[in-house]
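Working notes for the structure below.
Below, read A as the first sequence line, B as the second, and so on, with proteins coming before strands; counting in each chain starts at 1. Worth knowing before you read on, the calculation uses all heavy atoms, side chains too, and leaves out hydrogens, waters and symmetry mates.
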Amino acid sequence: MDFGFTEEQKKRRQEFYKVCAELEKYKPRGFYGLESIYDTDEGWQYHLYCAKEFAKRGWLSLAWPAEYDGTGNMMDRVLFAEARGYHGVPGVDIFGVQMLAPTILACGSEEIKREFLPMIASGEVQFCELWSEPNAGSDLAALTSTSIRQGNEFVINGQKIWTTGAHRAHWSFGVYKDDINGTPHHNMSFLLFDMKVPGITIRPIKYMNNMHLYNEVFLDNVRVPAKIVGQEHEGWMVVNTLAAFERSNIDAVVSMQRLLEDAVNYCNTTKQDGVPLARNPLIRSRLAKIAGEIEASRTLAYRVADLQNRGELTLMDAGAVKIFSSELLERFASLMTDILGPYGQVKLSRWAVMDGLCERSYQEHFVGSISMGTNEIQRNLIAWRGLGLPRMK
Amino acid sequence: MDFGFTEEQKKRRQEFYKVCAELEKYKPRGFYGLESIYDTDEGWQYHLYCAKEFAKRGWLSLAWPAEYDGTGNMMDRVLFAEARGYHGVPGVDIFGVQMLAPTILACGSEEIKREFLPMIASGEVQFCELWSEPNAGSDLAALTSTSIRQGNEFVINGQKIWTTGAHRAHWSFGVYKDDINGTPHHNMSFLLFDMKVPGITIRPIKYMNNMHLYNEVFLDNVRVPAKIVGQEHEGWMVVNTLAAFERSNIDAVVSMQRLLEDAVNYCNTTKQDGVPLARNPLIRSRLAKIAGEIEASRTLAYRVADLQNRGELTLMDAGAVKIFSSELLERFASLMTDILGPYGQVKLSRWAVMDGLCERSYQEHFVGSISMGTNEIQRNLIAWRGLGLPRMK
Amino acid sequence: MDLRFTEEQEMLRTSVKDFLATECPKSKVRELEDDKIGYSPELWKKMAELGWMGLIIPEEYQGMGMTFQDGMALVEEIGRSILPGPFMSTLVATFAILAAGSEAQKQEFLPKISRGEIKLSLAYLEANGKYDVSGITIKATPKGNDFVLNGTKMFVEMAHVADYLVCATRTGDSAKPEDDITLFVINAKSPSITTEIIPTIASDKLCEVNFNNVHIPKQNVLGEVNKGWQALKTTLRKAAIIKCAESVGGMQACVDMTVAYSKERVQYDRPIGAFQALQHIIADTWIAMQTACYLVYEAGWLESNGLPCDKEASMAKAYTNEAYKLVSKWSIRLHGGIGTSREHDISLYYRRAKAADIACGDTDFHNEIVAEKIGLMK
Amino acid sequence: MDLRFTEEQEMLRTSVKDFLATECPKSKVRELEDDKIGYSPELWKKMAELGWMGLIIPEEYQGMGMTFQDGMALVEEIGRSILPGPFMSTLVATFAILAAGSEAQKQEFLPKISRGEIKLSLAYLEANGKYDVSGITIKATPKGNDFVLNGTKMFVEMAHVADYLVCATRTGDSAKPEDDITLFVINAKSPSITTEIIPTIASDKLCEVNFNNVHIPKQNVLGEVNKGWQALKTTLRKAAIIKCAESVGGMQACVDMTVAYSKERVQYDRPIGAFQALQHIIADTWIAMQTACYLVYEAGWLESNGLPCDKEASMAKAYTNEAYKLVSKWSIRLHGGIGTSREHDISLYYRRAKAADIACGDTDFHNEIVAEKIGLMK
């Protein structure tokens, strides 16, 4: 068992950190996590700027096979994510770069690869995921929106919901029933289309703290060229391929490392009755526990990358990272708001401590536990597929 | 809402405490909880001695209607339980006094009442519960032991398991299939019989810490007079009546109050580096939390008694007390072994702290969460019957 | 012992519930969150007509003369429905006037409170964020017939609309931090006072209040100079218990909404409430809610009957803090995506649960009181 | 990075597992618990023949010269199967000799250890129960060519059968508690030493050891006089990590047994493993086990490569302490009644999880080290 990095990896990591540290300097105040990318114009511009900087260096295609200009090593992706997470820098489209690209690499035709991989690697085309529907949240098989083939085109009708960043994205990927009478799991297609085609209406759904992250997307006779990933009718398989990439998103994991450092710094520099908070044994004990859990989630992320490198990643392992890191963020945010006392409730303002990030995390952590298949669904998958427990009829 | 006691109740409580304090003086070293009653001869003799002292004062029939020499008020039972719990004094047969008596009062014929209530109130006849079977643990409907009527007698065959105190008890109550072809839930009887009749073989099942609490009971053509509680074939109804009494057993709840005081005392008098453990902020915080939870379980027990007084107790409320108090004991025992450091693992011996009670609780708490319907079953019942959530077929 | 609400309380609960369902639906709550003022004067007037502000004020001061427990029954419903505005802040300030006010002060303020003519708030916390008495540092200095007050109070609920502030100040330099606390009733409309709303998770209009050479006539001392701590302590204890009652109502709403949603929402061809894993989580939230209830009710009964209850009040607050956060968190989790959205009601409770945790002392603060009261040596 | 066991390690794991399945079934474990000696000399001999005791001892001392990580792979299997006896205590003492022993001492002890001819134990804790260096108080006083040792060590594993004790003593009165620690290798069979077995939850033969004017020749000092702390610290860190490896094996056994049982045990006409609530609990135990694994493996890799890992070792121990207790607790809960019985194997793990938590530092102790290492000011 070897947790070490090669000299080349170490060098690359240094480079990742250097560039991200530089980019951090331009970060808008209070910019934090996924939500800040999509919420304000300022955040979106910053995201695109970083994306361009990364694209320039070929970092959006890091883990891709050499023939598509990648290094072929998932560990590079992890190291890059660590650097970004540490500096809280956006620029990597979680939909395009992190989910769609590996899915295309795994299931896409050569034609699709040649068209979309360069688009993704350029950082100029951002994606969204047209996935859940009002009556198909965790239960994706229940979706009802349709894509009916007409020659070389599809006509799409239906309604999608919880679409992160639909109001920003240039392109989308998603699944639709393409055969209304087809057998379940063989009746959908995984389609890509430009979000500027006619017939798309986007309604914002504000998050509980008023941020604009989610949207409802109404598709009304949307006519798009047939750009299918995988086989027609076999979108379900593609969905499952994508799911593992989706859930092993380790950026969230590594960003906690920085939040921990900030927390330690806050506790060292904030005094109560002349004594730094850091000396409060309750705080010491609780932060130490969280630190251990962050380290655990980091090693688990390494394991996922290691499995991915060998093509051995299972939904069980991906699910474990998702469950553990999302619930860890919840505990961490909860602890931090506690440590801040009355300031734990304060939003970004002149009274805010740590730019109000703790108050935000306290609400935004749900994004981790609910989206991409709720943690409850993940636990089912671990039990059924991982541990072989019987599925009740 | 009135949490107060009448002057009479206060007086009675004082009396309960006085007598229990006196009885505590005779307590064998290391005597603790249910397990100590049944494990050693010394413990059993002490239990019977206390039972006699209580019987003398009419305290084993406290909450019974006046016509059966009780006060008719469940609150007396709670106050009595508090005093016993506080002083760690046995003497109340949880099977005879706490489960069977109220069940007989609710479902028994006048004949059964006249025969068994005085027996129970005397403290001289101790009961055990012939309940679970190897393939019917939580799922009591799956039981297979049979009681076939032959005139005024039943012939019983089968095997019972996890029978607490079967090796000590004089009489038993239990359920058996009395109609092998009968419809489910209308095919069993709730029977009482003397444990000294021929055909009964008892095999001890040692608890993980080697205590003798549980037994297997083999019933081989056991011929007993027909002493039925409730209607023949309708034992299921009686079982459900009993279940609520069983689960609202509050003795366990109140005994934690004493353990808390002992813990506080230990922390005040034990120094590390010259400083009492009580000043350790981690210990302060954790014990305070437990203290609040003990108070919560006490008020919940009051609520159960209050509901019982009005005949309004539901399985939901009884289940809540059982779940909360058994899992609280687990947390408490775990905390205490932590506080004791390396001494947390030491059994009763010259090195033991607090007579090794913490080490024992650390193992014996499972009796609370697993027996009398596992806590998982209780959660089902709360969801189904209490909250009306749909039952999956 | 009888652990039911009285018939009178049940009637009160029903009427409050019905009234708020009509007058303050969740759409109104959201609107008031975004509103600068943060309450509805019309609604306030109607509440006054119903006697809510005077509910626990003795009849001799034009109140309804009901008990503290009755007040809890009212507030539990307020917590269930969520009512933004200065009701809770006024109630807490009322506790202070009841605890320390002279007959003249009671005559002056309580009838006006009963009639809903004035709104109050307790100015207690400061920038140091400390809940205990040592956190009070701002100084009031005697000058002629006045005291002159300078300094800043923080997290003062609804101070921007309050007519009067009950303010805890320090009027000496005693070694014991309890010894030189003085309470004042201060006209909040004084030009020497500025208030600014701090944006918070519950948008509940907690304010920074600056006192710039505020002259306070001596007759505005509530109780005795330097002897304010006992009355303040009583006030804070009552405030903590009544906050718990509000949280208990909120938790009940969370459980009810989640049970209802889980019966309706279908996934995988069945209501999600049929899934055992979710059933167990819901059962656990119900147990957390239920245990909190009776801890709180017990503390309330003790308080209402003038019995000592520092320990029980702190147990109730510490437990309820955590229970409400837990219950509301799971309620969102069980609602899934919709639960995280602003348009759904459930997150209103989650955000308020955090605010409630902080208000009147957080869990560590109260657990330390419990630690002392169960006899752990200091 | 490659987070798989090496092929060699996999072979080792399989062979250890198979060997213990035959030679030390759970019936044997239970028997040894009740046995006064607490280990099987025949089994010990066979283990020595397989080279286990010398696994991590360099080849020049007749060991197998394998790495610390290889040792962890072995110990993980020992934890999975449960092996009572002086293996772990000897291993920990071996760490000390490797860390501080002179060439002569290594030549004297290591080959004998490799051949299984001697059993050792580390005498560290005292009656004060403290895990940190200040807990070491017993004094060794120079007298001629000897040191004379008096005092009591507590919780010394398998001391009653040990041939030698590595004992941490104090040989000065320095202000800094780290400054005057001296380690000795002491012949445990000296008549001036008495041992008594303390009855414990895991029946793992922790002993009270009394030293009554024990004369120790100066050549038995391990390392330098007054300079023992660094070597002891290294030894304790390695001991903590290797204990974690044992716990990781135990956790895996718990999860495997529980998964298997839940597939077999039928209630309500279906295997209990089909109930979703139980599935989720089992999934959570699996996650707890899995997260512990990789924390432990990382610490082991750092240690094995001589990289600094005080922080990671303490994180691993703190996390694993709690994870093992949790996993084994739920394993019993899910087994129901049978799980609480002595005749079933699962409770063996539950009891050992508590012992493992205490051994080599409990959770609070290690979290305090983590707190320092993440930079929280002292």
Side-chain angles (χ1 to χ4, degrees), chain A residues 132 134-142 161-162 204-214 270-273 280 282-283 327 330 334 337-353 356 359-360 362-367 369-371 374-377 379-380 383 392, chain C residues 33-34 125-131 134-135 154-155 196-204 206 208 265-270 272 275-278 281 321-322 325-326 329 332-344 346-348 350-351 354-355 357-359 362-365 367-368:
Chain A
S132 298
N135 292 309
S138 295
D139 180 13
L140 211 56
I161 196 167
W162 312 122
I205 308 178
K206 292 295 184 71
Y207 197 73
M208 63 178 88
N209 61 357
N210 263 333
M211 290 204 125
H212 184 186
L213 174 69
Y214 294 135
T270 308
K271 291 185 177 182
Q272 195 154 66
D273 297 326
N280 177 335
L282 295 172
I283 291 178
E327 297 182 0
E330 190 264 313
S334 183
T337 58
D338 286 348
I339 289 176
L340 303 187
Y343 292 91
Q345 67 191 328
V346 177
K347 289 173 179 298
L348 185 58
S349 63
R350 71 178 178 84
W351 298 275
V353 165
E359 185 267 354
R360 281 189 57 187
Y362 190 76
Q363 293 170 81
E364 292 168 14
H365 68 78
F366 288 108
V367 172
S369 53
I370 289 175
S371 64
T374 65
N375 286 6
E376 288 65 49
I377 297 289
R379 289 186 165 90
N380 284 354
M392 207 189 273
Chain C
E33 281 193 348
D34 295 338
L125 289 179
E126 300 188 7
N128 57 49
K130 291 179 67 176
Y131 297 109
S134 71
M154 285 290 287
F155 305 107
E196 208 176 336
I197 295 170
I198 304 166
T200 53
I201 190 165
S203 300
D204 47 358
L206 307 186
E208 175 176 317
R265 170 73 172 170
V266 172
Q267 287 283 276
Y268 303 101
D269 302 323
R270 55 187 65 119
I272 61 169
F275 289 100
Q276 195 194 27
L278 307 192
I281 294 168
N321 283 348
E322 300 306 310
K325 288 189 288 181
L326 182 90
K329 176 191 83 179
I332 290 184
R333 287 275 294 267
L334 292 161
H335 276 79
I338 191 73
T340 68
S341 74
R342 177 144 174 88
E343 59 201 63
H344 195 277
I346 195 75
S347 72
L348 294 173
Y350 179 71
R351 294 190 284 110
K354 182 65 206 174
D357 165 35
I358 291 167
D362 64 11
T363 306
D364 282 345
F365 171 75
N367 270 340
E368 175 51 32

In terms of heavy-atom proximity below 4.5 Å to chain C, should [X] be classed as side chain, backbone, both, or neither?
X: Asn135(A); answer: both
X: Leu340(A); answer: neither
X: Leu282(A); answer: side chain
X: Ala352(A); answer: neither
X: Asn380(A); answer: neither
X: Arg379(A); answer: side chain
X: Thr337(A); answer: both
X: Gln345(A); answer: both
X: Tyr207(A); answer: both

[X] [atom1] to [Y] [atom2] distance, which is reported to the nearest 0.5 Å:
X: Lys271(A); Y: Asn128(C); atom1: NZ; atom2: CG; value: 15.0 Å
X: Gln272(A); Y: Ser134(C); atom1: CD; atom2: OG; value: 7.5 Å
X: Ile281(C); Y: Glu376(A); atom1: CD1; atom2: CD; value: 5.0 Å
X: Ile332(C); Y: Ser369(A); atom1: CD1; atom2: OG; value: 9.5 Å
X: Ser341(C); Y: Leu213(A); atom1: OG; atom2: CG; value: 11.5 Å
X: Ile197(C); Y: Trp351(A); atom1: CD1; atom2: CH2; value: 9.0 Å

Under 4.5 Å from any heavy atom of chain A, what part of [X] do you find: side chain, backbone, both or neither?
X: Ala202(C); result: neither
X: Leu348(C); result: neither
X: Tyr131(C); result: side chain

Discussion item. Between Arg333(C) and Glu330(A) (salt bridge meaning N to carboxylate O under 4.0 Å), is one present in this structure?
Written reply: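 Salt bridge: no.
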Worksheet item: Mind checking whether His365(A) and Tyr350(C) have parallel, tilted or perpendicular rings, split at 30° and 60°?
Response: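 His365(A) vs Tyr350(C) ring planes: perpendicular.
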Worksheet entry | Winner by heavy-atom pair count (cut-off under 4.5 Å) against chain A, out of His344(C), Met154(C), Lys329(C) |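 Of the options given, most contacts go to Lys329(C).
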Practice prompt. For each of Asp34(C), Leu125(C), Asp204(C), Ile201(C), tally heavy-atom pairs with chain A at distances under 4.5 Å, and name the one with the top tally.
Written response: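 Looking at each of Asp34(C), Leu125(C), Asp204(C), Ile201(C) in turn, Ile201(C) comes out on top.
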Discussion item. Does Asp269(C), at its CG atom, have more than 12 non-hydrogen atoms belonging to other residues, nucleotides or ligands within less than 6.0 Å?
Written reply: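 No - once you tally the heavy atoms of other residues, nucleotides and ligands closer than 6.0 Å, there are 12 at most.
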Polar side-chain atom of [X] near backbone of [Y] as donor-acceptor pair, under 3.5 Å:
X: Gln267(C); Y: Gly137(A); value: yes
X: Tyr268(C); Y: Ala142(A); value: no
X: Glu359(A); Y: Thr200(C); value: no

